Amino acid sequence: MSSALRRIILLSSVNRATNSTPPRLSSAASRLSIISFSSVSSNPPPPSRIRTRTPLETQFETWIQNLKPGFTHSDVAAALRAQSDPDLAYDIFRWTSQQRGYKHNHEAYHTMIKQAIAGKRNKFAETLIDEVVAGACEMSVPLYNTIIRFCCGRKFLFNRAFDVYNKMLRSDDSRPDLETYTLLLSSLLKRFNKLNVCYVYLHAVRSLTKQMKSSGVIPDTYVLNMIIKAYAKCLEVDEAIRVFREMALYGSEPNAYTYGYLTKGLCEKGRVGQGLGFYKEMRGKGMVPSGSCHMVLICSLAMERRLEEAVEVVFDMLANSLSPDMLTYNTVLGELCRGGRGDEALELLEEWKKKDPVMGERNYRTLVDEVYFLNKG
């Protein structure tokens, strides 16, 4: 056999031997895959988590279960009043409104609106008010008064308060009462901060007063005082005095605020003598006016050179534990000095310092320097 043929036979036998031996790497991979599969199959997947209910959800479901089928408006109102959380109350309110055979009445809306306001959920309250005004429930004077009070306390809802009031005027069984007029007049008076603005709102005060009288609502002293104050602020003092004279017709008695508004209005109008008359009438009844009333009267009397009366009112003011401001002291002392009564002014200043604990040493020195300066002039 030739050498070439032997090499071919040898190579073929080596190849057969190589192909018959199983590969070591594949068996190791096979064992690895078996181990991996067994480890995976031995660890089961984790169970799915169950969400726990929040305390608010638990309370909501408890109250829903307490509201038995066929619940009434009183049941809903009682459930709403029992809630300290306005959000929970609102959820109950909305859920009950979706139940078949039930519709909220004025009692439920009134309770929910009060809960929303007390909890400072103003957006909830505004939404509920819009629903009520749109006719979601029947009208009710307490409900509408609550809405008016809420609207009057917010500048951007001021006009809405009068929309609700006009709706009450058109109603047959929910007409405005004394509380309604009190709320509206009080809201208007808060805007009487400047003279030119006062005249803008005075027309509304006149209209409310006429409508109140025509509706047969009897005003009390508080309402009449607000009307008097409105006229006095606008220097319509004759109208203010007319309302003052009508107080007896309504069984109302004037108080210190009544006389104070009249006194200040008359003095600012230039009718100082008449203002002093109301002041004396008030003091004769044992009433004590406010500090601003005293000071307006004192300055008005001093400017008209009625200095004895001005000094008398200063002493009366100090006797009632009220202290004039620096402008009031300056006005009286300055007019005394201009009248050639500088020594008297210094004596009065010494006496006032003893009676006025608020004056202080610094203000006293300032007033003394002012008196000396005016005396030299």
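Note that the structure is predicted; figures quoted are calculated from it, not measured.
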Checklist entry - Which heavy-atom pair separates Ser140 from Ser174 by the least distance, and what is that distance? => result N-OG, 3.7 Å
Item to check | Heavy atoms from other residues, nucleotides or ligands near CG of Leu178 exceed 12 (cutoff 6.0 Å) | outcome: yes
Item to check | Leu169, Ile148, Val141 screened by side-chain contact (heavy atoms from CB on, under 4.5 Å) with Pro176, the one that passes | outcome: Leu169
Checklist entry - Would you say the side chain of Arg365 lies within less than 4.5 Å of the side chain of Glu361, judging by non-hydrogen atoms? => result yes
Checklist entry - For the hydrophobic clusters of this structure (ILVMFWY residues joined by side-chain heavy atoms under 4.5 Å, transitively), does one cluster hold both Phe315 and Met317? => result yes
Checklist entry - Leu333 versus Trp352: any side-chain heavy-atom pair under 4.5 Å? => result yes
Checklist outcome for this item: Contacts of Asp356 meeting side chain to side chain donor-acceptor pair (under 3.5 Å) (sequence neighbours excluded), chain-then-number -> Ser323, Tyr329
Item to check | Phe373 side chain near Cys337 side chain, heavy-atom distance below 4.5 Å | outcome: no
Checklist entry - Less than 4.0 Å between a side-chain N and a carboxylate O, is that true for Lys353 and Glu347? => result no
Item to check | Heavy-atom side-chain proximity of Asp316 to His294 below 4.5 angstrom | outcome: yes
Next on the checklist: Could you check whether Glu246 pairs with Lys213 (Lys NZ or Arg NE/NH1/NH2 to Asp/Glu carboxylate O, under 4.0 Å)?
Outcome noted: yes
Checklist entry - Side chains of Ser97 and Lys103: does their closest heavy-atom pair fall under 4.5 Å? => result no
Checklist entry - In terms of side-chain geometry, is the basic nitrogen of Glu335 or Arg341 positioned less than 4.0 Å from the acidic oxygen of its partner? => result no
Checklist entry - Any side-chain donor paired with an acceptor under 3.5 Å for Tyr257 and Lys229? => result no
Checklist entry - Does a side-chain heavy-atom distance below 4.5 Å link Lys167 with Asp163? => result no
Checklist entry - At their closest point, which heavy atom of Ser290 faces which heavy atom of Leu322, and how far apart are they? => result C-CD1, 4.4 Å
Next on the checklist: For Gln211 and Tyr165, which I'm curious about, is there any donor-acceptor pair between the side chains at under 3.5 Å?
Outcome noted: yes
Checklist entry - Is a side-chain donor-acceptor pair under 3.5 Å present for Asn330 with Thr328? => result no
Next on the checklist: So, taking the atom named CZ in Arg242 and the one named CE in Met247, what distance separates them when rounded to the nearest 0.5 Å?
Outcome noted: 13.0 Å
Checklist entry - Around atom CE of Met287, are there more than 12 heavy atoms of other residues, nucleotides or ligands at under 6.0 Å? => result yes
Next on the checklist: What I want to check is whether the side chains of Asn255 and Thr258 have a donor and an acceptor closer together than 3.5 Å.
Outcome noted: yes
Item to check | N-O pairing of Asp238 and Arg271 below 4.0 Å | outcome: yes
Item to check | From CA spacing to verdict: ring pair (Phe, Tyr, Trp, His ring centres under 6.0 Å), Phe244, Tyr259 | outcome: CA-CA 9 Å; Phe244 170 77; Tyr259 286 106; 5.6 Å; yes
Next on the checklist: Could you go through Lys354 and Glu351, starting from their C-alpha distance and side-chain angles, then the distance that decides it, and tell me whether this counts as salt bridge (Lys or Arg N to Asp or Glu O under 4.0 Å)?
Outcome noted: CA-CA 5 Å; Lys354 296 176 183 177; Glu351 193 169 354; over 6 Å; no
Next on the checklist: Contact between Tyr102 and His73 at the side-chain level, heavy atoms closer than 4.5 Å - yes or no?
Outcome noted: yes
Checklist entry - Taking side chain as C-beta onward, heavy atoms only, is Leu128 less than 4.5 Å from Gln115? => result no
